[in-house]
Novice: 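Here you go, one structure.
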Amino acid sequence: MGSSFTDRLARVLRNVDVRVEAGDDARRVVLSGENDTYRSSSLSPAQARAVQQVLQSLREAPTSLLQRPRSDIVEACRRQHPNVPGDTIRSMVERARAESWTEAELSEALGRTSRTQVLKKHAAADVWGVLVLSQQDSNVCPACRRLDAVAYAIDHALAEQPLPHADCANRTCRCQYLPVVQEEDLYSTVETRTGA
Ligand SMILES: [Zn+2]
Ligand SMILES: [Zn+2]
């Protein structure tokens, strides 16, 4: 595989989601990384078109993770999701290749599986439930903030799978589950969802 400038940029694009967002007032370039989101100042229509053309050609560059050898993909996924069992990762990578998923789809599926593993671990430890905590920084999105500090009874959490937030505006929902050993451990002001 070559390492042209385009290849290198395409590799960066695997970790940072770049898109042009058309708001009510203006178009902006939006960069969403693992931990933060950046919005540019507004673009003219011609500038927005130019950015979109560059993004399109980068997306078509043949450097997708999913086109690399299977063992490389599995290894990269294991590093990103160390709590997901190897067999699960291998079968998910097989599916992704067979069904031509995009990398984002694979990453989303693994993120979901990883959160489910966490829930199962807490369930096995016989806790009452979990508290959903979002990252309290300037990049937390409204969807994640809405569910911050909401407690779920463990069975209800397993049924609902509230994380990762499907409507998270960042590329990766960074919210986490905190185990709640018994319901009495929660402050009385905490909203609890039991499914009952
Ligand atoms: Zn979230
Ligand atoms: Zn979010």
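Indexing begins at 1, ligand by ligand and atom by atom, following the structure's order. The figures here come from the full heavy-atom set of this structure, side chains too, leaving out hydrogens, waters and symmetry mates.
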Novice: Taking backbone and side chain together, does His165 place any N/O/S atom at a distance below 2.8 Å from the Zn ion (ligand 2)?
Specialist: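 Coordinating: no.
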
Novice: For Thr37 and Asn170, which I'm curious about, is there any donor-acceptor pair between the side chains at under 3.5 Å?
Specialist: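 Indeed, the side chains of Thr37 and Asn170 share at least one donor-acceptor pair under 3.5 Å.
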
Novice: Report yes or no: does Cys141 have an N/O/S atom closer than 2.8 Å to the Zn ion (ligand 2)?
Specialist: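 Checking the Zn ion (ligand 2) against Cys141, an N, O or S atom does fall under 2.8 Å.
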
Novice: Within less than 2.8 Å of the Zn ion (ligand 2), any N, O or S from Cys144?
Specialist: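 Of the N, O and S atoms in Cys144, at least one lies under 2.8 Å from the Zn ion (ligand 2), which means yes.
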
Novice: Taking the side chain from Ser114 and the backbone from Leu110, do they hold a donor-acceptor pair closer than 3.5 Å?
Specialist: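 Answer holds: no.
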
Novice: Give a yes or no answer on whether the side chain of Asp72 reaches the backbone of Glu75 with a donor-acceptor pair at less than 3.5 Å.
Specialist: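 No, the answer is negative, given that no donor and acceptor are paired below the 3.5 Å cut-off.
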
Novice: Start with the C-alpha gap between Ser134 and Asp148, add the side-chain angles, then the distance that decides, and say whether side-chain hydrogen bond (donor to acceptor under 3.5 Å, both in side chains) holds.
Specialist: CA-CA 5 Å; Ser134 62; Asp148 181 50; 3.2 Å; yes

Novice: So, applying side chain to side chain contact (heavy atoms under 4.5 Å, CB included) with Val18, which one of Val54, Leu55, Val30 is it?
Specialist: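 It is Leu55; the other options fail the test.
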
Novice: Please calculate the SG(Cys175)-the Zn ion (ligand 1)-SG(Cys173) angle and round it to 10 degrees.
Specialist: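 Taking the Zn ion (ligand 1) as the apex, I get 110° for this pair.
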
Novice: Got an N, O or S from Cys168 under 2.8 Å of the Zn ion (ligand 1)?
Specialist: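 Short answer: no, not a single N, O or S atom is under the cut-off.
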
